[in-house]
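In this text, all values refer to a predicted model and were calculated from it rather than measured experimentally. Note that the numbering runs from 1 along the sequence shown for the chain. Every number for a ligand or one of its atoms is a count from 1 in the order of the listing. As a basis for the values below, the full set of heavy atoms in this structure was taken, side chains included, without hydrogen atoms, waters or symmetry mates.
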Amino acid sequence: MRPPERVDVVVLGAGAAGMMCAWEAGKRGRSVIVIDHARAPGEKIRISGGGRCNFTHLDSAPRTYLSANPGFAISALKRYTPQDFVRRVDQHGIAWHEKTRGQLFCDGSARQIVDMLTRGLADAGAELRLATTVTDIERSADGFTLATSTGPLACRALVVATGGKSIPKMGATGLGYELAARFGLNVLPTRPGLVPLTLDPLQLERLAPLAGVAVEARVRHGKTRFEDGLLFTHRGLSGPAILQISSYWREGEEIEIALAPATDVFARLREARARHGRQAASSVLAEFLPKRLAQRIGEQETGAKNLADLPDTLLRAIEAAVNGWRLKPTASEGYRTAEVTLGGVDTAGLDSRSMQARHVPSLYFIGEVVDVTGWLGGYNFQWAWSSGWVAGQSV
Ligand code: FDA
């Protein structure tokens with residue numbers, strides 16, 4: 001057997017976190033190889049943010065992440081901040097804009113971010129080894145040895161940046177979780193996050209005519225609420241507000257939706273009844289809801305009656321249908337369409353300043369494989385940059 005090629009650091013996964021880590025480690029003079037089984041690096045970056053990559057959120061803070069230990073992210077986020085990443089984007093001449101408050105996107109293509117990372121790590125002397133599979137990993141006296149489809153490798157430090165399980169079609173695997181378990185780290189149960197929710201066939205049949213309708217809604221699960229877009233689909237509900245709440249929701253639980261959160265629906269209906277009793281409730285609802293939705297709710301609650309014939313109790317029922325719609329989604333669309341994976345490598349086994357495993361020196365876990373999952377809006381890439389950066393300073 002030929003002797004292994006020796007480097008200081010092997011990074012598994014050429015995604016956002018892995019490439020940031022390799023770039024930083026290379027700048028510190030480490031010899032680095034980044035391995036990925038995909039043919040191209042940073043595929044999720046390329047398709048992110050509708051092709052424009054929502055590369056950070058300026059308000060990235062522990063409260064915007066889900067984790068068994070939300071405080072774990074503080075150190076990395078403080079050491080490598082959204083402003084630090086923006087500076088890097090600026091230095092590479094990538095134009096960007098703030099879409100909604102704090103959410104930063106490329107003006108041009110998400111490929112610019114991928115190019116910045118691949119060029120950065122190459123300039124720092126790190127090597128990208130694509131279309132390479134890892135068949136075995138062993139602990140050695142001074143680090144790790146890896147059997148790969150392009151030959152054996154030996155390294156002092158191993159960084160696992162293989163991401164989550166979301167979108168298997170794009171190369172997601174459970175390798176990171178398997179490695180963590182194999183080296184004795186605890187792995188918390190995983191589930192899809194930032195994902196559309198599905199409804200039962202009966203509900204779907206009733207809502208089918210609304211497919212394609214979008215509103216600005218407030219969606220609540222327990223004490224957590226988000227105000228953002230909601231989209232009726234052929235399978236159930238989607239849109240940013242639903243994706244956000246999906247990370248908190250679990251099967252069997254209820255969510256509550258306000259379809260016109262800024263409107264006092266009861267007051268509007270009562271006023272209209274006093275002024276124009278001969279109109280239908282749906283005409284009033286259509287003043288602040290899309291017409292199809294207004295018609296659907298108006299007819300469902302009142303039939304074809306005029307407002308003049310509706311007592312306050314019925315106006316209250318319409319109000320509840322608009323702003324207190326409680327429903328139990330049946331499931332999520334799963335990893336097939338989920339943007340992220342919740343759960344993963346338990347942060348209790350990692351040092352938050354370096355991302356190094358507490359009981360396995362020189363083994364690091366960064367990015368989405370770790371039990372730190374952001375809201376929608378650039379938080380997940382910021383976690384990838386921050387965790388990748390801190391590991392890059394330590395390897
Ligand atoms: P990432 O998944 O990026 O990289 C992991 C790498 O490991 C991949 O290149 C993969 O091929 C490789 N790999 C996996 N298994 C392997 C194996 N067995 N052997 C070798 N290599 C292996 N976030 C955000 O902040 N803003 C946004 O706009 C979006 N938009 C978005 C859109 C869509 C459609 C998705 C699916 C996701 C987003 N996200 C997002 C989330 C974001 O993409 C995600 O959180 C980061 O890419 C995570 O970065 P990582 O580097 O941890 O994993």
Enquirer: Are any side-chain N or O atoms of Tyr248 and backbone N or O atoms of Gly222, one a donor and one an acceptor, separated by less than 3.5 Å?
Expert: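 Checked: no pair found.
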Enquirer: May I ask you to list the atoms of ligand 1 that are less than 4.0 angstrom from any heavy atom of Ala161?
Expert: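 So the atoms of ligand 1 that pass are 5 (C), 6 (C), 7 (O).
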Enquirer: If you have a sec, work out which protein heavy atom is nearest atom 4 (O) of ligand 1 and how many Å separate them, to one decimal?
Expert: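 Answer, as residue, atom name and distance: Gly15 CA, 3.3 Å.
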Enquirer: Which residue pairs pass the salt bridge (Lys or Arg N to Asp or Glu O under 4.0 Å) test when at least one of the two sits in residues 95-111, sequence neighbours left out?
Expert: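 Salt bridge (Lys or Arg N to Asp or Glu O under 4.0 Å) check on residues 95-111 returns Asp59-Arg101.
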Enquirer: Tell me, which protein residue and heavy-atom name are nearest atom 19 (N) of ligand 1, and how many Å apart are they?
Expert: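 Looking at atom 19 (N) of ligand 1, the protein heavy atom closest to it is His37 CG, 3.7 Å.
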Enquirer: Is a salt bridge present between Arg336 and Glu333, judged by a nitrogen-to-oxygen distance below 4.0 Å?
Expert: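 Result for this pair is yes, salt bridge flagged.
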Enquirer: Could you identify the single nearest non-hydrogen protein atom to atom 46 (C) of ligand 1 and state the distance to 0.1 Å?
Expert: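 Of the protein heavy atoms, Phe381 CE2, 3.7 Å lies nearest.
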Enquirer: Of all the heavy atoms in Gly378, does at least one lie under 4.0 Å from an atom in ligand 1?
Expert: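 A heavy atom of Gly378 does come that close to ligand 1.
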Enquirer: Given the rule that I, L, V, M, F, W and Y join up when any side-chain heavy atoms are under 4.5 Å apart, are Tyr335 and Val340 in one cluster?
Expert: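 Result: no, two separate clusters.
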Enquirer: A side-chain contact here means heavy atoms from C-beta on lying under 4.5 Å apart; do Val187 and Asp371 qualify?
Expert: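 No, every pair of side-chain atoms sits at 4.5 Å or beyond.
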Enquirer: What atoms of ligand 1 come closer than 4.0 angstrom to any heavy atom of Glu368?
Expert: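 Those of ligand 1 that fall under 4.0 Å from Glu368 are 44 (C), 45 (O), 46 (C), 48 (C), 52 (O).
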Enquirer: Can you list every ring-ring contact (aromatic ring centres under 6.0 Å, His included) pair that touches residues 110-164, not counting sequence neighbours?
Expert: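 Qualifying pairs, neighbours excluded: Phe144-Phe183.
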Enquirer: Which heavy atom of the protein is the closest neighbour of atom 37 (C) of ligand 1, given with residue, atom name and distance?
Expert: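 The closest heavy atom on the protein side is Glu339 O, 3.3 Å.
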Enquirer: Which atoms of ligand 1 sit under 4.0 Å from any heavy atom of Gly49?
Expert: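 It comes down to these atoms of ligand 1: 28 (O), 30 (N).
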Enquirer: Provide, to 0.1 Å, the distance between atom 30 (N) of ligand 1 and the closest protein heavy atom, together with that atom's residue and name.
Expert: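 For this ligand atom, the closest protein heavy atom is Ser48 CB, 3.3 Å.
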Enquirer: Under a 4.5 Å cut-off applied to non-hydrogen side-chain atoms, are Thr56 and Val86 in contact?
Expert: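 Result yes, sub-4.5 Å side-chain heavy-atom pair found.
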Enquirer: Take Asp309 and Leu314 through the test side chain to side chain contact (heavy atoms under 4.5 Å, CB included) and record every step on the way to the result.
Expert: CA-CA 10 Å; Asp309 302 325; Leu314 258 184; over 6 Å; no
Enquirer: Can you tell me which residue and heavy atom of the protein come closest to atom 51 (O) of ligand 1, and the distance to 0.1 Å?
Expert: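 In this structure, atom 51 (O) of ligand 1 has Ala17 N, 2.9 Å as its nearest protein heavy atom.
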Enquirer: Assess Ile47 for proximity to ligand 1: is some non-hydrogen atom of it under 4.0 Å away?
Expert: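 The answer is yes, since Ile47 has a heavy atom less than 4.0 Å from ligand 1.
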Enquirer: With heavy atoms only and a cut-off of under 4.0 Å, state how Asn380 meets ligand 1: side chain, backbone, both or neither.
Expert: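 Contact part for Asn380 vs ligand 1: both backbone and side chain.
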Enquirer: How are the rings of Phe55 and Trp96 set to each other: parallel, tilted or perpendicular (split at 30° and 60°)?
Expert: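 Phe55 vs Trp96 ring planes: perpendicular.
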Enquirer: What part of Ala172, side chain, backbone, both or neither, has a heavy atom within less than 4.0 angstrom of ligand 1?
Expert: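 Neither part.
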Enquirer: Are side-chain N/O atoms of Gln103 and Thr100 paired as donor and acceptor at under 3.5 Å?
Expert: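 Per modelled atom types, Gln103 and Thr100 side chains form a pair under 3.5 Å.
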Enquirer: Is there a nitrogen or oxygen of Asn54 sitting under 3.5 Å from a nitrogen or oxygen of ligand 1?
Expert: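 Looking only at distances, the answer is yes, because the N/O contact criterion of under 3.5 Å is met.
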Enquirer: Below 4.0 Å from any atom of ligand 1, is there a heavy atom belonging to Val134?
Expert: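 The answer is no, since Val134 has no heavy atom less than 4.0 Å from ligand 1.
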Enquirer: Does the ring center of Trp389 lie less than 6.0 Å from the ring center of Phe85?
Expert: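 Judged by ring-centre distance (under 6.0 Å), Trp389 and Phe85 do not meet the cut-off.
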Enquirer: At the 4.0 Å heavy-atom cut-off, does Ile167 count as touching ligand 1?
Expert: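 Yes, Ile167 has heavy atoms under 4.0 Å from ligand 1.
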Enquirer: Between ligand 1 and Thr132, is the shortest N or O to N or O distance under 3.5 Å?
Expert: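 No, no N or O pair falls under 3.5 Å.
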Enquirer: Using a plain distance cutoff, I'd like to know if Gly13 has any nitrogen or oxygen under 3.5 Å from a nitrogen or oxygen of ligand 1.
Expert: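 It does not: no N or O of Gly13 is found under 3.5 Å from an N or O of ligand 1.
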Enquirer: So between Thr173, Leu130, Ile366, whose heavy atom ends up nearest atom 15 (N) of ligand 1?
Expert: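 It is Thr173 that holds the nearest heavy atom.
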Enquirer: I need the nearest protein heavy-atom contact for atom 6 (C) of ligand 1: residue, atom name and distance, please.
Expert: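 For atom 6 (C) of ligand 1, the nearest protein heavy atom comes out as Asp36 OD2, 3.5 Å.
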Enquirer: Below 3.5 angstrom, do we get any N/O pair linking Cys53 and ligand 1?
Expert: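 In fact, backbone or side chain, Cys53 has no N or O that close.
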Enquirer: Hey, does Gly367 come in under 3.5 Å of ligand 1, counting only N/O atoms on both sides?
Expert: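 Looking only at distances, the answer is no, because the N/O contact criterion of under 3.5 Å is not met.
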Enquirer: Over 60° means perpendicular and under 30° means parallel, so classify the ring planes of Trp385 and Phe381, tilted if in between.
Expert: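 It falls in the parallel class, under 30°.
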Enquirer: Between Gln300 and Arg206, is there a side-chain heavy-atom distance shorter than 4.5 Å?
Expert: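 Yes, side chains in contact.
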